[in-house]
J.: 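Let me begin by handing over the structure; questions about it come next.
Just so we're clear, the structure is a prediction, and the values are computed from it rather than from any experiment.
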Amino acid sequence: MTVARGASAQPTPPALSGRLWAAAAPAYSAILEHPFVTGLGDGSLDHASFQFYLVQDGHYLHGFARALALLAARAPTEAVTGLFANHTAAVIAVERSLHAGLLAEMASTHGEPPMTGVAPTTLAYSSYLLATCATGAFSDGVAAVLPCYWIYREVGRTLLARSSPDPLYARWIATYGGVDFEHAVGEMLELTDAIGAHLSAADQQSATDHFVITTRYEWMFWDAAYHRVGWPL
């Protein structure tokens, strides 16, 4: 590229999604190394931990769908309202199909899960999402829900490369490494960068902070499932 004498090339600022991912990279690396995730891939994960996860994910997805509905109500355009409305419906469909099917199959071989109520980490994560989407800036809400999309896609892609010898885990991996979920994540990343292009530096930092926090919650969610952490009393 030729630059006129006396002019200086203005670097293009990085897209917001790139800034978010860079900030949360250490937490994502820890997620990939967590024994819950590696156990899904190699089939070594205890089925009791996976059953605990499925129960808690059902509770979490109920809160997550409500968070997306809040974003739909606060969206700046009809198109974005429609995007979040469609995603809310899709989350409910996943909860009723994939999770219900896996839980029913596990109940037939392992019995009903010993804990069916909401666990502390699940409540903390979903409460944080709801509070951010209800009272924070719209961009903060988008950033807060994004890890549940983006990180699951990346984990799904990584595990799908080798799938899993356990058919239950292979079914879970195929969902999050599949084309339909890929499309939803792509829509969210496009929206994130479109919003980010109009944010001040302070608002970009606020969105980044929320993204990092919920990425850490993703690690905590899998860790709580791995150890089957319930209420102490």
Side-chain angles (χ1 to χ4, degrees), residues 17 20-61 63-64 90-91 94-95 97-103 105-106 109-110 113 115 118-126 128-129 143-186 188-189 210-230:
S17 61
L20 299 181
W21 191 259
Y28 176 65
S29 295
I31 286 170
L32 285 184
E33 296 169 0
H34 195 283
F36 187 98
V37 174
T38 60
L40 284 172
D42 63 21
S44 64
L45 179 65
D46 190 332
H47 276 187
S49 290
F50 189 60
Q51 189 179 41
F52 184 98
Y53 162 82
L54 290 173
V55 170
Q56 293 308 310
D57 205 34
H59 289 299
Y60 168 80
L61 286 176
F64 186 70
V91 166
V94 167
E95 181 180 357
S97 57
L98 174 69
H99 290 76
L102 290 173
L103 275 172
E105 189 167 337
M106 295 198 76
T109 56
H110 296 80
M115 178 181 173
V118 62
T121 301
T122 309
L123 181 61
Y125 187 5
S126 57
Y128 181 85
L129 285 180
V145 300
L146 184 57
C148 188
Y149 286 89
W150 202 354
I151 288 175
Y152 266 62
R153 184 189 73 175
E154 296 306 312
V155 168
R157 282 176 169 179
T158 299
L159 297 181
L160 189 62
R162 57 181 182 274
S163 190
S164 175
D166 187 300
L168 292 175
Y169 302 162
R171 196 186 317 170
W172 184 94
I173 291 168
T175 297
Y176 293 106
V179 174
D180 289 343
F181 194 67
E182 172 79 32
H183 178 70
V185 177
M188 284 298 297
L189 291 175
H210 285 289
F211 183 84
V212 171
I213 288 171
T214 50
T215 300
R216 290 169 175 163
Y217 265 126
E218 288 291 334
W219 183 93
M220 292 171 63
F221 193 84
W222 275 314
D223 188 66
Y226 184 75
H227 295 289
R228 303 192 289 280
V229 178

J.: By side chain to side chain contact (heavy atoms under 4.5 Å, CB included), which residues pair with Val229, not counting sequence neighbours?
T.: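 With sequence neighbours excluded, Val229 shows a side chain to side chain contact (heavy atoms under 4.5 Å, CB included) to Ala224, His227, given in chain and number order.
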J.: Rounded to the nearest 0.5 Å, how far does NE2 of His99 lie from OG1 of Thr175?
T.: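 Result: 8.5 Å between the selected atoms.
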J.: In Å, rounded to the nearest 0.5 Å, how long is the span from OG1 of Thr215 to CD1 of Ile31?
T.: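 If we round to the nearest 0.5 Å, Thr215:OG1 and Ile31:CD1 are 6.5 Å apart.
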J.: If you take all heavy atoms of Ala174 and Leu160, which pair is closest and at what distance?
T.: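 Heavy atoms of Ala174 and Leu160 come nearest at CA-CD1, 4.2 Å.
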J.: Taking all heavy atoms of Ala27 and all of Arg216, pick out the closest pair and write down the distance.
T.: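 In terms of heavy atoms, the two residues are closest at CB-CG, 4.4 Å.
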J.: How far apart are the C-alpha atoms of Phe36 and Trp219, what are their side-chain angles, what is the distance that settles it, and do they pass the ring pair (Phe, Tyr, Trp, His ring centres under 6.0 Å) test?
T.: CA-CA 10 Å; Phe36 187 98; Trp219 183 93; over 10 Å; no
J.: Rounded at 0.5 Å granularity, tell me how far OG1 in Thr122 sits from CD in Gln56.
T.: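 These two atoms lie 3.5 Å from each other.
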J.: Write out all pairs satisfying side-chain hydrogen bond (donor to acceptor under 3.5 Å, both in side chains) with one or both partners inside residues 35-44, taking only residues at least two apart or from two chains.
T.: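 The answer is Asp42-Ser44.
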J.: For the residue pair Val55 and Leu103, establish whether any side-chain heavy-atom pair is separated by less than 4.5 Å.
T.: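 Yes, at least one pair of side-chain atoms sits under 4.5 Å.
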J.: To the nearest 0.5 Å, how far apart are OH in Tyr128 and CG in Leu123?
T.: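 Reported value, rounded in 0.5 Å steps: 15.0 Å.
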J.: Does the side chain of Leu102 reach to within under 4.5 Å of the side chain of Phe50, using non-hydrogen atoms?
T.: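 Yes, side chains in contact.
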J.: Are the side chains of Met188 and Arg153 in touch, meaning some heavy atoms are under 4.5 Å apart?
T.: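 No. Closest side-chain heavy atoms not under 4.5 Å.
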J.: Taking the side chain from Glu218 and the backbone from Ile151, do they hold a donor-acceptor pair closer than 3.5 Å?
T.: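 Answer holds: no.
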J.: Which pair of heavy atoms, one from Ala225 and one from Tyr53, lies closest together, and at what distance?
T.: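 Closest pair (atom of Ala225, atom of Tyr53, distance): CB-CB, 3.7 Å.
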J.: Hey, what do you get for CD (Gln51) to CD (Glu105), rounding to the nearest 0.5 Å?
T.: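 Separation between the atoms: 11.5 Å.
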J.: Tell me whether Thr121 contacts the main-chain N or O of Phe221 through its side chain, where contact means a donor paired with an acceptor under 3.5 Å.
T.: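 No, because the side chain of Thr121 does not come within donor-acceptor range (under 3.5 Å) of the backbone of Phe221.
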J.: When you compare the side chain of Glu182 with that of Val185, does any pair of heavy atoms fall below 4.5 Å?
T.: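 No, every pair of side-chain atoms sits at 4.5 Å or beyond.
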J.: Quick one: does Ser126's side chain get under 4.5 Å of Phe64's, heavy atoms only?
T.: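 In short, these two side chains do not touch, never coming nearer than 4.5 Å.
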J.: For Pro147 versus Thr214, what's the shortest heavy-atom pair and its separation?
T.: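 Nearest pair, atom of Pro147 first, then Thr214: CG-OG1, 3.1 Å.
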J.: Do Val179 and His183 have side-chain heavy atoms sitting under 4.5 Å apart?
T.: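 Contact flag for Val179/His183 side chains = no.
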J.: Considering the options Phe181, Tyr176, Tyr60, which one meets the ring-ring contact (aromatic ring centres under 6.0 Å, His included) requirement together with Tyr152?
T.: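 Passing option: Tyr176.
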J.: How about Val155 and Trp222: do any of their side-chain heavy atoms sit closer than 4.5 Å?
T.: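 Yes; the side chains approach each other to less than 4.5 Å.
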J.: If you look at every heavy atom in Trp150 and Ser17, which pair is closest and at what distance?
T.: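 Distance-wise, the nearest heavy atoms are CH2-O, 3.3 Å.
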J.: Between Val91 and Leu61, what is the shortest heavy-atom contact and its length?
T.: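 For Val91 versus Leu61, the nearest heavy atoms are CG1-O, 3.7 Å.
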J.: Which pairs pass side-chain hydrogen bond (donor to acceptor under 3.5 Å, both in side chains) with one or both residues in residues 21-32, sequence neighbours excluded?
T.: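 Qualifying pairs, neighbours excluded: none.
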J.: Taking the six-membered ring where the residue is Trp, are the ring centres of His47 and Tyr169 under 6.0 Å apart?
T.: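 Yes - the distance between ring centres of His47 and Tyr169 falls below the 6.0 Å cut-off.
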J.: Could you state the interatomic distance from CG (Leu32) to CG (Leu159), rounded to the nearest 0.5 Å?
T.: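 It comes to 8.0 Å.
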